Protein chains: 2
Amino acid sequence: MLEVFKKYITDKVSISEDELNEILSYAILKKLRKRQFLLQEGDVWRYNAFVSSGFLRKFSVDDKGTEHIMSFSPENYWTGDRESLVNETPSKFNIEALENSEILLFKKEDFEMLCRKIHVFNNMVNNILHRSFITSQSRIHSSISLSSEEKYNNFVLKFPSIANRVPQHMIASYIGISPETLSRIRSQANKK
Amino acid sequence: MLEVFKKYITDKVSISEDELNEILSYAILKKLRKRQFLLQEGDVWRYNAFVSSGFLRKFSVDDKGTEHIMSFSPENYWTGDRESLVNETPSKFNIEALENSEILLFKKEDFEMLCRKIHVFNNMVNNILHRSFITSQSRIHSSISLSSEEKYNNFVLKFPSIANRVPQHMIASYIGISPETLSRIRSQANKK
DNA sequence: TAAAATCATTGACATTTATCAATAGTTTTT
DNA sequence: AAAAACTATTGATAAATGTCAATGATTTTA
């Protein structure tokens with residue numbers, strides 16, 4: 001739905017109707033059913049992707065077949081693989097719809113052109129990047145300084161709506177512990 | 001040294017002499033001797049800081065007194081606490097000179113003004129932010145998917161010059177393991 | 001509606017890691 | 001030059017976490 005994206009932008013910056021429509025004119029609408037992949041490991045990622053509805057996850061799979069979840073992307077969030085996008089190298093990650101989803105894709109070149117051309121759009125994009133960076137720093141700090149139990153509590157505190165939306169083992173994967181350990185942490189905490 | 005910063009910028013973007021001098025005119029030179037602090041936990045961080053010489057680390061201290069190193073910043077890198085800067089909240093972190101260092105400080109307002117005014121400077125800054133984000137994503141991926149040994153090998157591989165410049169226990173702190181464990185990992189690896 | 005898949009839990013056990021303490025080598029400070 | 005501080009290592013032990021397997025509940029699929 002283009003309306004969702006329109007609202008997303010106008011909530012963040014003041015922009016003319018013309019500019020807004022120009023941006024929208026480059027959006028490629030993609031519908032994904034649950035379990036479908038937006039990106040597969042080994043492919044080069046060439047877009048900026050806005051989730052207008054649904055829910056996605058980005059994850060890698062290691063030698064042992066264990067999945068490691070890098071991010072969850074609900075509606076009104078972006079997803080993609082910036083490393084692959086910038087370097088044009090094969091991605092290490094998969095992006096999969098956990099629910100039926102609607103995505104707006106912007107080709108790299110189109111997106112960059114829009115950033116150059118529409119100043120407020122560029123500002124918005126950089127602001128988002130800025131906030132994403134701060135968020136990722138916080139995740140790093142958690143990962144090196146907290147116990148597993150603290151990581152879990154922190155996750156639920158910071159992302160309650162995501163915690164309610166995904167199976168427990170995916171939270172475990174996101175914070176970097178085994179599903180069994182998370183299960184035990186929770187049952188321990190309940191006893192208190 | 002302003003020359004270092006000049007070279008840093010001109011290596012990255014083409015910029016007029018006038019614009020370059022305007023940027024430089026806002027730089028506040030700060031010299032730090034080894035062990036001196038650029039930022040102390042609890043203070044609000046209000047700058048963008050460019051390291052023109054020397055070497056800094058950013059770290060937190062937890063309840064038990066254990067330090068957790070968020071970043072190392074050698075010459076030609078930036079440091080600071082973006083979360084504190086953006087939200088104007090007390091920082092959780094300390095920034096300390098590990099060697100005698102020279103820092104260029106730009107007040108938040110000046111830096112933002114320069115970004116608005118000098119287009120190529122803004123582009124450069126956003127590029128750096130972009131790369132920093134990609135780097136931090138990579139660190140997150142390591143933290144959730146690699147074993148301690150792999151984290152260490154990965155660190156040395158990616159940051160050989162830093163690995164040679166800091167005591168081993170600081171690498172342990174950066175990757176989120178105890179110094180004893182890192183020592184044992186290394187001695188195990190030597191046996192092979 | 002029956003079968004299959006997914007999910008969370010639990011037990012048993014192995015492995016990894018942290019903690020505490022002691023030591024010795026090195027570097028820094030006085 | 002001596003003292004102090006820092007650093008890396010090692011041993012002993014405890015704690016945390018992972019792995020494998022089984023179970024039952026729930027959800028999804030056919």
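The structure presented is a predicted model; accordingly, all values stated were derived computationally and were not measured. Here is the naming used below: chain letters follow the sequence lines, and residue numbers restart at 1 for every chain.
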For the residue pair Arg33(A) and Ala97(A), what are the closest heavy atoms and their distance?
O-CB, 3.7 Å

Which of the following nucleotides, [options], is nearest to the side chain of [X]?
{"X": "Ser148(B)", "options": "dT19(C), dT17(C), dG18(D)", "result": "dT17(C)"}
{"X": "Glu180(B)", "options": "dT17(C), dT19(D), dT19(C)", "result": "dT19(C)"}
{"X": "Lys34(A)", "options": "dT10(C), dT28(D), dG18(D)", "result": "dT28(D)"}
{"X": "Ser183(B)", "options": "dA18(C), dA8(D), dA12(C)", "result": "dA8(D)"}
{"X": "Thr181(A)", "options": "dT9(C), dT17(D), dA8(D)", "result": "dT17(D)"}

Measure distances between side-chain N and O atoms of Arg35(A) and base N and O atoms of dT6(C), and say whether any donor-acceptor pair falls under 3.5 Å.
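Answer is no: no donor-acceptor pair is held.
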
Spacing between [X] atom [atom1] and [N] atom [atom2], to the nearest angstrom:
{"X": "Glu149(B)", "N": "dT15(C)", "atom1": "CD", "atom2": "P", "value": "16 Å"}
{"X": "Ile177(B)", "N": "dA8(D)", "atom1": "CD1", "atom2": "P", "value": "13 Å"}
{"X": "Leu98(B)", "N": "dT27(C)", "atom1": "CG", "atom2": "P", "value": "17 Å"}
{"X": "Ile175(B)", "N": "dT17(C)", "atom1": "CD1", "atom2": "P", "value": "10 Å"}
{"X": "Asn100(A)", "N": "dT28(D)", "atom1": "CG", "atom2": "C1'", "value": "13 Å"}
{"X": "Glu99(A)", "N": "dT27(D)", "atom1": "CD", "atom2": "P", "value": "15 Å"}
{"X": "Arg184(B)", "N": "dA12(D)", "atom1": "CZ", "atom2": "P", "value": "11 Å"}
{"X": "Ile185(A)", "N": "dT9(C)", "atom1": "CD1", "atom2": "P", "value": "12 Å"}

So does Tyr77(B) have more than 12 non-hydrogen atoms from other groups sitting under 6.0 Å from OH?
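Counting neighbours around OH of Tyr77(B), 12 or fewer heavy atoms of other residues, nucleotides or ligands fall under 6.0 Å, so no.
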
Measure the spacing between CG of Leu182(B) and CD1 of Ile177(B) and express it to the nearest 0.5 Å.
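Result: 4.5 Å between the selected atoms.
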
Treating Glu112(A) as the side-chain partner and Glu109(A) as the backbone partner, does any N or O pair qualify as donor plus acceptor under 3.5 Å?
no

Donor-acceptor pair, Asp81(B) side chain versus Trp45(B) backbone, under 3.5 Å?
no

With a 4.0 Å cut-off on heavy atoms, is Leu182(A) in touch with a base, just the backbone sugar-phosphate, or nothing at all?
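Answer is nothing: Leu182(A) stays at 4.0 Å or more from every strand.
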
Proximity of Tyr26(A) and Phe106(A) rings by center, below 6.0 Å
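They do not qualify: ring centres at least 6.0 Å apart.
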
In residues 155-171 of chain B, which ones come under 4.0 Å of DNA chain D, going by heavy atoms?
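The answer is Pro167(B), Gln168(B), His169(B).
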
I want to check something: taking the side chain as every heavy atom from C-beta on, are Ile144(A) and Ile69(B) in contact at a cut-off of under 4.5 Å?
no

